[in-house]
Amino acid sequence: MEEKRVRTRFAPSPTGYMHIGNLRTALYAYLFAKANDGDFILRIEDTDRTRYVADAVDFIKNTLKAAHIIPDEGPGYGGDYGPYVQSERKDVYLKYANELIEKGYAYRCFCDPKSDETHGKFGGYPGTCRDLPKETIEKNLAEGKPFVIRQKMPKDGSTTFHDMLHGNITIDNDTLEDQVLIKRDGMPTYNFAHVVDDHLMKVTHVIRGAEFITSTPKHVLLYKGFGWETPAFIHLPAVMGKGEDGSVSKLSKRHGATSFNELVEMGYLPEAVTNYVALLGWSPKSNQEIFTMEEMEKSFSLDGLSKSPAIFDYNKLDWMNGEYFKKMDPREFASESRGFAGDLPENIASKWDYLAGVLQSRISRYDEIPDQIHFFMAMPAFDAELYRNKRNKVTPEKSADILPEAIEGLSDIDDWTPDGINAKLAELVEKTGLKKGLLMWPIRIAASGQKVTPGGVTEILYVLGKDESISRLKASLESLRGYLSENN
RNA sequence: GGCGCCAUGGUCAAGUGGUUAAGACACCGCCCUUUCACGGCGGCUUCAUGGGUUCGAAUCCCAUUGGCGUCACCA
């Protein structure tokens, strides 16, 4: 048998929302196609008119673009098998459904869903119209009675299909219901439309979520009914989330952000999200973890796929995003991060590029920025205990001794630049004979009012500016003295 | 409930009958350090349980348990 060109597809319904699990499915389908020099198709499954969301197709395309998943074919991308939007292919499905009726693998059902008491209940459809006499059907048709087209499932036996990840899966036919193929409104159901489209679009590998495993036999029976070759199936395990109580379930709102876009809004880089998600369920041959899309396209292979569900770990995403920040061009980081900082006073805003440089290696998400820099705008409440640090042998008392000299020295600086400040600080170390850590600690605390700061003394003083720095140091010294006299 | 899928540490995972059971995140400790971060070193913690098969099982089989999924005129 000759090798066919690999063709995969991503077939979302246009809901205006891209769940991270969906994104991963798209990514794997894309990577598999690229790794095999094949084609990746985007197809919109919009056969449920009640779920129509405006602009959702653009939303999907934009999201894929942001994730660097670029379809070879699809709406707006061209291709020889279009249209790639199912609602625009409505007539095609009816034609094929009629073919199935003629072959005896499907039938018209005239039951009214509202008066059918078994509808939607456990046990499902009872097969009322399965063997309607020809006369009745013709009569109903002549009367213009509305109907749906159902698939006629075998009553016994079983259906087996091969899944490239899971191996052979067999399901008894008596668990299969006579599912609807064409709905009352003339639209096909997913279960029917995707089979027809996958065949017509020459899709070779169907990569989708594991939730479709149990309905795959129905699809296989459809292929058989038509006499079509079935594609290869790869059913991906779900992406899970872990709740605070330790329970595990499909990733959902209660676990935090669940969509690609939310993650990006929180300040994760699209590349990092894609990279992280790729590793959630796929393991490369090597121990490499940071991948460009090009690298993934080369090294992706099915045998690295995991069969078990994976829990989405924000911790690791944070780490990975931080790695991407570190590799980022500083100018790009400065401009991309600026929006997350919010309104800044002029003296800070004018030094944004510098401050961003300090932040770049210290944060793992853009949205950490406001908390990180808040102290520049407002001095936190005084806390004497901050002036105590074991490693540098700093105490509030010593700090009160050190600060006056520091203030005096710093006040002399004309050249208020990182270099200028640094030089003066070094000079103070020299002059006082104090250990660096012992001298720097109180100054940093007095200027920032917090134990943990982005950057060291030099960075903080520079960003604060001379006037503000000196006045903060003086005010802090006052507070410290007040505290000491009260407590002695 | 029927049916199906899954099962290596807190998390992602390598592993395909013989290994000291990789690596990463997180966590803890130490070192370095002008804070934080970075970096370095070390530690913690895993083959769900019970039966087989085998000289030998994380690896093969069965059962149990647990988790998840599915039973729509949704996809």
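Remember, it's a predicted structure, so these values are computed and weren't measured experimentally. We use all heavy atoms of the structure for the numbers below, so side chains are in, but hydrogens, waters and symmetry mates are not. Chain A is the first sequence line, chain B the second, and so forth, proteins listed ahead of strands; every chain is numbered from 1.
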Problem - Pair assignment for B:G39, Watson-Crick or G-U wobble, requiring both distances under 3.5 Å - result: B:C31

Exercise for the section: Check each residue of residues 318-326 of chain A for a non-hydrogen atom within less than 4.0 Å of any atom in RNA chain B, then write out the ones that pass by number, or none. Expected result: A:Trp319, A:Lys326

Exercise for the section: Say whether, by atom type as modelled, one donor and one acceptor occur between the side chain of A:Ser448 and the main chain of A:Gln450 under 3.5 angstrom. Expected result: yes

Problem - B:C74 to B:G15 separation - C1' atoms, rounded to the nearest Å - result: 40 Å

Problem - Atom-to-atom span, CG of A:Asn392 to C1' of B:C32 - whole angstrom - result: 13 Å

Handout entry: Integer angstrom distance from the C1' of B:C47 to that of B:A14
Key = 13 Å

Completion exercise
Sequence neighbours excluded, the answer for side-chain hydrogen bond (donor to acceptor under 3.5 Å, both in side chains) partners of A:Lys316 is A:Glu289

Exercise for the section: Using only side-chain N and O atoms of A:Thr50, determine if any of them is under 4.0 Å from OP1 or OP2 of B:C74. Expected result: no

Exercise for the section: Take atom CZ of A:Arg208 and atom P of B:G4, then tell me their distance rounded to the nearest Å. Expected result: 18 Å

Problem - Set of residues satisfying salt bridge (Lys or Arg N to Asp or Glu O under 4.0 Å) with respect to A:Arg254, sequence neighbours excluded - result: A:Asp245

Problem - Polar side chain donor-acceptor pair, A:Asp46 to A:Gln86, under 3.5 angstrom - result: no

Practice task
Step through it carefully: locate the ring centre of A:Tyr366, locate the ring centre of A:Phe333, and say whether they are under 6.0 Å apart.
Solution key: yes

Could you pull out all donor-acceptor pairs under 3.5 Å where a side-chain atom in residues 458-466 of chain A meets a protein atom, sequence neighbours excluded?
residue	atom	partner	partner atom	Å
A:Thr458	OG1	A:Asn422	OD1	3.4
A:Glu459	OE1	A:Gly456	N	3.0
A:Lys466	NZ	A:Ser411	O	2.9
A:Lys466	NZ	A:Ile413	O	2.6

Problem - B:U8 to B:A24 separation - C1' atoms, rounded to the nearest Å - result: 15 Å

Problem - Side-chain (A:Arg150) to main-chain (A:Asp178) donor-acceptor, under 3.5 angstrom - result: yes

Handout entry: Inter-nucleotide C1' distance (B:G39, B:C5), Å rounded
Key = 44 Å

Fill in the blank from the handout: By nearest-heavy-atom nucleotide on RNA chain B, the more 5' of A:Ile169 and A:Asn287 is A:Ile169

Completion exercise
Nearest-nucleotide check on RNA chain B, A:Tyr190 vs A:His166; residue mapping nearer the 5' end is A:His166

Problem - Contacts of type side-chain hydrogen bond (donor to acceptor under 3.5 Å, both in side chains), residue A:Thr453, not counting sequence neighbours - result: A:Arg444

Handout entry: Distance, P atom - from B:G18 to B:G51, rounded to whole angstrom
Key = 23 Å

Handout entry: Interatomic distance where CD belongs to A:Glu427 and C1' belongs to B:U34 [whole Å]
Key = 17 Å

Practice task
Between B:C71 and B:G9, how far apart are the C1' atoms? Round to whole Å, please.
Solution key: 36 Å

Practice task
Please confirm whether A:Phe300 and A:Tyr28 have ring centers closer than 6.0 angstrom.
Solution key: yes

For residues 154-162 of chain A, dump all side-chain donor-acceptor pairs below 3.5 Å to protein atoms at least two apart in sequence or in another chain.
residue	atom	partner	partner atom	Å
A:Thr159	OG1	A:Asn173	ND2	2.6
A:Thr160	OG1	A:Thr170	OG1	2.8
A:His162	ND1	A:Asn168	ND2	3.0

Problem - A:Ile213 CD1 to B:C5 P, straight-line distance once rounded to whole Å - result: 7 Å

Practice task
Determine the contact category for A:Asn422: base if any of its heavy atoms lies under 4.0 Å from a base atom, sugar-phosphate if only primed atoms, P, OP1 or OP2 are that close, otherwise nothing.
Solution key: base

Handout entry: Rounded distance (Å) that lies between atom P of B:C74 and atom CD of A:Gln86
Key = 13 Å

Completion exercise
To the nearest angstrom, the CG-P distance between A:Asp197 and B:A75 comes to 12 Å

Problem - Note: A:Asp185-A:Lys183 ion pair, threshold 4.0 Å (strictly below) - result: no

Practice task
Determine whether the aromatic ring centres of A:Tyr17 and A:Phe59 lie less than 6.0 Å apart.
Solution key: no

Practice task
Summarise how protein sits on nucleotides 10-16 of chain B as a single string, 5' to 3': B when a protein heavy atom is under 4.0 Å from the base, S for sugar-phosphate-only contact, - for no contact.
Solution key: SSSSS--

Completion exercise
Per side chain to side chain donor-acceptor pair (under 3.5 Å), A:Asp198 is matched among A:His219, A:His205, A:Arg43 by A:Arg43

Problem - Strand partner of B:A72, provided both Watson-Crick or wobble distances fall under 3.5 Å - result: none

Exercise for the section: Return the value, rounded to whole Å, for the distance between atom CG of A:Leu386 and atom P of B:C36. Expected result: 13 Å

Problem - Any residue meeting side-chain hydrogen bond (donor to acceptor under 3.5 Å, both in side chains) with A:Lys424, in chain and number order, not counting sequence neighbours - result: A:Glu427

Practice task
Remember a base hit wins even if backbone is also touched, and classify A:Ser286 as base, sugar-phosphate or nothing at under 4.0 Å, heavy atoms.
Solution key: nothing

Problem - Assigned partner base of B:G66, Watson-Crick or wobble definition, under 3.5 Å - result: B:C6

All N/O donor-acceptor pairs, side-chain side in residues 431-438 of chain A, below 3.5 Å, sequence neighbours left out:
residue	atom	partner	partner atom	Å
A:Thr432	OG1	A:Leu428	O	2.7
A:Thr432	OG1	A:Leu434	N	3.2

Handout entry: Between A:Ser364 and A:Glu368, a side-chain donor and acceptor under 3.5 Å
Key = yes

Problem - Pair A:Tyr324 and A:Tyr276, ring centroids less than 6.0 Å apart - result: no

Fill in the blank from the handout: Taken to the nearest whole Å, CZ/A:Arg150 to P/B:A72 is 10 Å

Exercise for the section: Check the side chains of A:Asp303 and A:Ser301 for a donor-acceptor pair under 3.5 angstrom, ignoring hydrogens and angles. Expected result: yes

Handout entry: Check: A:Glu88 side chain, A:Val85 main-chain N or O, donor-acceptor pair, under 3.5 Å
Key = no

Handout entry: Inter-nucleotide C1' distance (B:G50, B:C55), Å rounded
Key = 23 Å

Problem - Contacting residues from residues 430-458 of chain A, given that a heavy atom lies under 4.0 angstrom of RNA chain B - result: A:Lys436, A:Met440, A:Trp441, A:Arg444, A:Lys451, A:Val452, A:Thr453, A:Gly455, A:Gly456, A:Val457, A:Thr458

Practice task
Determine, for nucleotides 61-66 of chain B in 5'-to-3' order, which nucleotides have protein heavy atoms under 4.0 Å from the base (write B), from only the sugar-phosphate (write S), or from neither (write -).
Solution key: ------

Completion exercise
Answer for the Watson-Crick or wobble partner of B:A57, both distances under 3.5 Å, is none

Exercise for the section: Verify the contact: side-chain N or O of A:His235 to OP1 or OP2 of B:C5, cut-off strictly under 4.0 Å; return yes or no. Expected result: no

Practice task
Name the nucleic acid region contacted by A:Asp48, choosing base, sugar-phosphate or nothing; use a 4.0 angstrom heavy-atom cut-off, strictly under.
Solution key: sugar-phosphate

Handout entry: Rounded P spacing from B:U11 to B:U46 in Å
Key = 12 Å

Handout entry: Residues touching RNA chain B, which here means a heavy atom under 4.0 Å, drawn from residues 355-370 of chain A
Key = A:Ser361, A:Arg362

